[in-house]
Amino acid sequence: MENVKQYSTPYDLEGKLPLKQAIPLGLQHVLAMFVGNLTPLILITGGSACAINDTSLLVILLQNAMLIAGVVTLIQIFAIGPVGAKLPIVMGTSSGFIGVCNSVAVGLGGGTYAYGAIMGASLLGGLFETVLGFLLKPLRKFFPAIVTGTVVLSIGLSLISVGVGSFGGGAKNGDFGSLENLFVGFVVLVVIVALKHGTKGITSYASIFIGIIVGYILVSVMAQVLPTTFEYVDAAGETVTATKSWVLDWQQVQDASWFAIPKFMPVGLQFDVRAIIPILIMFIVTAVETVGDISGITEGGMGREATDSELAGGVICDGVGSAFAACFGVLPNTSFSQNVGLIAMTKIVNKFAIAIGGGFLIACGLFPKLAALISIMPDSVLGGAAVMMFSSIVVSGVQLVTKTPITGRNVTILSVALGLGYGLGANAAILQHMPEQIQLIFGGSGIVPAALVAIVLNIVLPKDKEVGKENNE
């Protein structure tokens, strides 16, 4: 009688599904986050951040990013002791750290030293967030929806300019803003929107992934009919001939091996206080974001509030996973908001199905050719997807902020946090006469100052005692 109910439904948290059902349900979660998981590494290692030109290192880091995302996802789903929420949470490389890490990289002069300093700070930050997870129950009152929403909103706002920069072909490239780059980015964006809202099922859930594939096909065709090189005048006033940024370098894929064991410590850890302080603060921010994501999963997928143990376990897993990721040269890992939205939309919360997706990520991490294929992605193709991905984070922030009544107190918290906090950070030049540490912590992205202002105001401003009365006035 024990095996009468052999399979569960996709809407059951526990239980096993038949593989023919679990595999597509798991893969759609991977497809929803696949590009977003690799985007932060591409942006921080290249461009105006670290500007690391070692393509073999980038392939290793991308390979490791997929492996780590899969491992940490499985830990989050099934838990190891207190580590893990035991919920259908998909983990991946956090885009929330892009702004802070970019600021740190520029401040440290870029290169492998800057990236190593980011990794050292991420290791310490992960351990710090782990401690926060164990203390989460007494700290939970400091992170209501108005604070978490403000943080998520500032994260999205800080990334929009990054997405638009990629849309134009990458500011570091001589053909930035060319008609070809804008055309590619526009086509990718249109495909994503059309699939997301014009189709149902896997093509809708995986619209970003399919849009990227269309982008690859498009630039491959363009390379056959359009010139692939151009001339431009560089900063030194010299005429330079270069390959257009949208051209795919298939040689990198050909040179990559089919199978490889992920490399431990591909970048040496550096412990530089100029990186440690702002990144540690960002870990507080991402802990707040994770609380919001977990609450979104339980409320949207299961119609209940998250328990203290689920919230604590999720944040602890964030911390442990991020420290583990740093040892493999990967930026901090956190819960993925794209997948929270997918669960809220489908109500599919079966852990076995999501675990299938985690296993697929691990398998991807063992095949460098796949990592190489991602690493050659043109900026404009990435930008077509990033514009929508990053803007959707802004929308998630708005949804969190409006979960509670829009009282005068909440308007003040949001206004001051975005106006003063985010405004100062997003216009770093205003801090040029401040000490270097202040510039590194508060300049560049706006996320950290906005979060700190929101947290402080939530503590010091008197609580609304008669919300209903205030709303009716």
Side-chain angles (χ1 to χ4, degrees), residues 30 33-45 49-50 52 57-77 80 83-85 89-98 100-102 104-105 112 114-133 260-271 275-276 279-280 282-287 289-290 293 313-336 339 357-359 361-366 371 374-375:
V30 174
M33 58 77 69
F34 195 87
V35 176
N37 179 48
L38 301 177
T39 301
L41 272 172
I42 297 173
L43 293 174
I44 297 303
T45 56
C50 291
I52 298 174
L57 175 60
L58 179 57
V59 169
I60 291 171
L61 295 179
L62 291 172
Q63 176 190 355
N64 287 358
M66 291 183 283
L67 176 79
I68 297 300
V71 171
V72 181
T73 293
L74 294 181
I75 295 174
Q76 190 71 279
I77 292 172
I80 300 176
V83 184
I89 300 171
V90 178
M91 303 291 287
T93 310
S94 174
S95 60
F97 282 82
I98 293 175
V100 172
C101 290
N102 183 75
V104 168
T112 54
Y115 195 76
I118 292 172
M119 290 301 101
S122 297
L123 175 62
L124 296 179
L127 298 176
F128 173 64
E129 188 182 6
T130 301
V131 174
L132 285 180
I261 300 298
K263 187 175 180 180
F264 184 73
M265 292 283 189
V267 178
L269 299 181
Q270 307 291 337
F271 297 96
I276 292 171
I279 288 178
L280 247 63
M282 190 60 211
F283 268 98
I284 299 176
V285 176
T286 198
E289 184 185 6
T290 296
D293 282 345
V315 173
I316 292 169
C317 185
D318 254 26
V320 172
S322 295
F324 180 57
C327 296
F328 286 86
V330 178
L331 294 168
N333 266 233
T334 190
S335 55
F336 257 61
N339 300 87
L361 282 170
I362 293 173
C364 288
L366 299 175
I374 302 298
S375 72

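Residues take their numbers from the sequence shown, with the count starting at 1. Not measured: the values here are computed from a predicted model. All values below were derived from every heavy atom in this structure, side-chain atoms included, with hydrogens, water molecules and symmetry-related copies excluded.
- Proximity of a side-chain donor or acceptor of Ser122 to a complementary backbone N or O of Leu331 within less than 3.5 Å is not detected.
- Side-chain atoms of Thr45 come within 3.5 Å of backbone N or O of Leu41 as a donor-acceptor pair.
- Side-chain contact check for Ile75 versus Val83: some heavy-atom pair is nearer than 4.5 Å.
- Annotation: side-chain contact (heavy atoms from CB on, under 4.5 Å) contacts of Ile60 (sequence neighbours excluded): Asn64, Lys263, Pro266.
- To the nearest 0.5 Å, atoms CG (Leu361) and CE (Met91) are separated by 12.0 Å.
- Atom CG of Leu123 and atom CD1 of Ile279 lie 11.5 Å apart (nearest 0.5 Å).
- With sequence neighbours excluded, the residues forming a side-chain contact (heavy atoms from CB on, under 4.5 Å) with Leu38 are Phe34, Leu62, Ala65, Met66, Ile374, listed by chain and number.
- Considering all non-hydrogen atoms of both residues, Val72 and Gly321 come closest at CG2-CA, 3.9 Å.
- For the atom pair CG (Leu366) and CD1 (Ile261), the distance works out to 6.5 Å, reported to the nearest 0.5 Å.
- Shown here for Ala105 and Ile118, the closest heavy-atom pair between the two residues is CB-CD1, 4.3 Å.
- Residues Ala275 and Val104 come closest through the heavy atom pair CB-CG1, 3.5 Å.
- Using modelled atom types, no side-chain atom of Gln76 and backbone atom of Ser335 make a donor-acceptor pair closer than 3.5 Å.
- One distance of note links CZ of Phe283 with CD1 of Ile276; it measures 11.5 Å at 0.5 Å rounding.
- In this structure, Ile68 CD1 and Leu61 CG are separated by 11.0 Å, a value rounded to the nearest 0.5 Å.
- The backbone N or O of Asn333 sits nowhere less than 3.5 Å from a side-chain atom of Ser94 that would complete a donor-acceptor pair.
- In this structure, Gly120 and Leu269 approach most closely via the heavy-atom pair N-CD2, 3.9 Å.
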**Request:** Take Ile316 and Glu129 through the side-chain contact (heavy atoms from CB on, under 4.5 Å) test and state the conclusion after the steps.
**Result:** CA-CA 7 Å; Ile316 292 169; Glu129 188 182 6; over 6 Å; no
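- For Ile362, the side-chain contact (heavy atoms from CB on, under 4.5 Å) test picks out Leu67, Val71, Leu74, with sequence neighbours left out.
- Annotation for Phe264 and Cys327: closest pair CE1-CB, 3.5 Å, computed over non-hydrogen atoms.
- For the pair Thr73 (side chain) and Val90 (backbone), a donor-acceptor distance under 3.5 Å is absent.
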**Request:** Show the numbers, then the answer: is there a side-chain contact (heavy atoms from CB on, under 4.5 Å) between Ile89 and Asp293?
**Result:** CA-CA 9 Å; Ile89 300 171; Asp293 282 345; over 6 Å; no
**Asked** Passes side-chain contact (heavy atoms from CB on, under 4.5 Å), Phe97 versus Thr334? Steps please.
**Response** CA-CA 10 Å; Phe97 282 82; Thr334 190; 5.9 Å; no
**Message:** Set out, in order, the CA-CA distance, both residues' side-chain angles and the distance that settles side-chain contact (heavy atoms from CB on, under 4.5 Å) for Leu280 and Ile284, then state yes or no.
**Reply:** CA-CA 7 Å; Leu280 247 63; Ile284 299 176; over 6 Å; no
